[in-house]
Each structure stands twice: as structure tokens, then as C-alpha cells.
Amino acid sequence: MKGLVYAGLLLNKTYFIVAGLVAAAGTALLSVMGNRMGSDPEMLPLISIFMLGIQFVVMTIVEEYLARDFEKNIKSRFADYVLAGMSKTKFVTAELLKNLISMAIAFAITVFMQLVFWAVNPGMIGAGRILLLAALAIIIGLIDWSSLPLVVYLKSAEKAGLIVGIILGFGGVMPIMIIFNLFENKWIIVMEFFSRDLTFFWVVGIGALTYALFYWILLNRVRRGDVC
């Protein structure tokens, strides 16, 4: 199982490298912008949102490989070969570990971005941003994890991601946007909401339950010797 996790991370190291490059370029750009325009109160929210957007992109790049790697292993029959000599519990747990490790790496990169930004622009963004980044990392990791059972059914990471995206878009994001469109500075309200301690613990709790649910779904979908 350790070898499967290690191989998955090592063979997809390009995603981590690209994420690091995007993080470095984005942090350097916004640090300079913040240093030059931070004295303007109207620019603070805009720079904060741009930073969060780049951090979101970095997290997405880090975890982009998970479903694609799973699809590749299914189509190449490598997953079937692994399941011939490994219990399905260990197989699914290995996929879960890859997801959690990638989530931790994505979070670590974005926290480093934030620390660099704070060093250049001290006090510009509150410490609640760390909780926001952690919540965002959990949500992105959960989205990737929940798509794996669909990858098994559809044999396509893109189709699985599209379905999950549509469900989340119409079932979650759209209602939230409709509600927050009633308020001014809605993006600031969203960021402050997810930066609260209570909200973060709700995200952790619901995320853990949802991870467990899709672990059970995936565990019951694969069979020893045959992922399908």
C-alpha cells in the first residue's frame, strides 16, 4: 500500500512542480501590488480576493492528478493487477491517502504563500485566512475524492468531474450566490464567513463524514481482482 501511494505521488510530481511555479509567480506579483497599492483602502479587498483566487488555482493544480491517475490505472488494467494481490480495503485506503497527502501539500503551499505575502505586507490580511485556506483545501480534496466512484462507472475523470461540478454548481454554489447577491461586498462576506472558527469546524465535521461516506461507496464498488 505504501508503494502504491509513493508511486502515485512520484509519477505525478509534475503537478506539484507546476503548482509551485504558479504559487511563486502569483505570490511575487501580488506582494508587489500589495506593497505599492496597499495604502489605498479600496485596493485591500481586491488584492485579498486575487490572492485567494491564485491559492485556489494552486490547490486545484495539486489535486488535479488524483482522478486522472485513477482513470489511467483503470484503463491500463493496473488497478486490476494491484487488486489481484491486495485487498480492496488497502487499495481504497491507498487512494484516500494520496488524496489526503495531496490536500496537505496544497494547504502547505498556500500557507507558505500567505506567510510570504504577510512578510512583504504585514497586517494586510487577518490570521483567519489560514482557517479559510484549510477549509478550501478540505472542500477541494472532498470534491476530488467524491468523483472517484463516478470514475469507476464512467471510466472518465473529465465526465466524473463535470457531473460533480454540475451538482455542486446548481445544488450549492448557485443558491449561495443568489443569497449573497443581495448584499454589497459579497465576496468579503463569504471570505469572512469561512474564516470563522465555528464555520471551519463545521467544514471539518461535514467533510469527515462525507469522506467516510464516499470511502464506503468506493469500497463497495471495487472487487478483489477487478476494480469494475
Side-chain angles (χ1 to χ4, degrees), residues 1-19 56 58-109 134-172 200-228:
M1 185 174 69
K2 292 180 180 179
L4 193 60
V5 174
Y6 177 75
L9 295 171
L10 183 63
L11 293 175
N12 293 281
K13 61 182 181 295
T14 302
Y15 288 90
F16 299 98
I17 295 172
V18 172
F56 173 79
V58 168
M59 288 183 179
T60 303
I61 293 173
V62 170
E63 302 196 34
E64 174 69 19
Y65 81 94
L66 291 165
R68 295 181 182 277
D69 187 61
F70 194 57
E71 175 194 348
K72 180 179 66 178
N73 289 339
I74 292 175
K75 289 183 174 180
S76 66
R77 310 299 292 184
F78 176 73
D80 295 336
Y81 173 77
V82 170
L83 281 164
M86 175 186 291
S87 68
K88 63 179 186 178
T89 301
K90 288 185 177 180
F91 175 79
V92 175
T93 301
E95 294 298 326
L96 176 61
L97 287 175
K98 285 193 288 185
N99 182 284
L100 296 178
I101 292 172
S102 299
M103 181 201 305
I105 293 173
F107 176 64
I109 293 174
L136 188 60
I138 292 171
I139 292 171
I140 294 175
L142 184 57
I143 291 172
D144 288 313
W145 177 245
S146 63
S147 69
L148 294 193
L150 283 173
V151 175
V152 176
Y153 280 103
L154 302 173
K155 306 296 186 298
S156 172
E158 292 184 357
K159 292 180 180 178
L162 178 62
I163 292 175
V164 172
I166 290 174
I167 293 173
L168 289 176
F170 285 98
F200 172 72
F201 287 118
W202 271 105
V203 171
V204 171
I206 296 174
L209 291 175
T210 311
Y211 260 100
L213 172 62
F214 280 95
Y215 181 94
W216 178 82
I217 293 174
L218 186 60
L219 186 64
N220 284 273
R221 186 64 186 87
V222 303
R223 297 192 301 269
R224 185 176 176 84
D226 185 359
V227 73
C228 302

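Thr210 has its side chain within reach of Phe214: a pair of non-hydrogen atoms, C-beta onward, lies under 4.5 Å apart. Val62 is listed as a side-chain neighbour of Phe16, based on a closest heavy-atom distance under 4.5 Å. Between Val152 and Phe70 the shortest side-chain heavy-atom distance falls below 4.5 Å. With a 4.5 Å cut-off on side-chain heavy atoms, Leu96 and Val92 do not count as touching.
Residues Ala160 and Ser147 approach most closely at CB-O, 3.7 Å, considering heavy atoms. Summarising the geometry of Asn99 relative to Gly141, their closest heavy-atom pair is ND2-O, 3.0 Å, with the distance given to 0.1 Å. Phe107 and Ala137 make their closest contact through CB-CB, 4.2 Å (heavy atoms, listed as atom of the first residue, atom of the second, distance). Closest non-hydrogen pair, Ala67 versus Leu148, comes out as CA-CD2, 3.9 Å.
Here the straight-line distance linking atom OG of Ser146 with atom CD1 of Ile163 works out to 11.5 Å at 0.5 Å rounding. Residue Leu4 holds its CG atom at 7.0 Å from CG of Asn73, rounded to the nearest 0.5 Å. Note that CD1 of Ile206 and CG of Leu142 are 10.0 Å apart. Values are rounded to the nearest 0.5 Å. With rounding to the nearest 0.5 Å, the separation of CG in Leu213 from CG in Leu218 is 11.5 Å. Here the CG-CZ distance, from Leu83 to Phe78, works out to 10.0 Å after rounding to the nearest 0.5 Å. Rounding to the nearest 0.5 angstrom, the gap separating the OG1 atom in Thr14 from the CD atom in Glu64 is 13.0 Å.
The closest side-chain donor-acceptor pair between Tyr65 and Ser102 falls under 3.5 angstrom.
Evaluation of the side chain to side chain contact (heavy atoms under 4.5 Å, CB included) rule for Ile140 yields Phe56, Met59, Thr60, Glu63, Leu136, Asp144 as partners, not counting sequence neighbours.
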- [ ] Please report the C-alpha distance between Tyr15 and Leu9 in whole Å, then the side-chain angles of each, then the deciding distance to 0.1 Å, and finally whether the side-chain contact (heavy atoms from CB on, under 4.5 Å) criterion is met.
- [x] CA-CA 9 Å; Tyr15 288 90; Leu9 295 171; over 6 Å; no

Open item on the list: Evaluate Leu150 against Lys159 for side-chain contact (heavy atoms from CB on, under 4.5 Å), listing each step before the verdict.
Closed with: CA-CA 8 Å; Leu150 283 173; Lys159 292 180 180 178; over 6 Å; no

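Exactly one residue among Val151, Asp69, Val222, Asp80 makes a side chain to side chain contact (heavy atoms under 4.5 Å, CB included) with Ile74. That residue is Val151.
Using bins of under 30°, 30° to 60° and over 60° for the plane-to-plane angle, the ring pair Trp145/Tyr211 lands in the parallel bin.
The existence of a salt bridge linking Arg68 and Glu71 is excluded, since no basic side-chain nitrogen approaches an acidic carboxylate oxygen closer than 4.0 Å.
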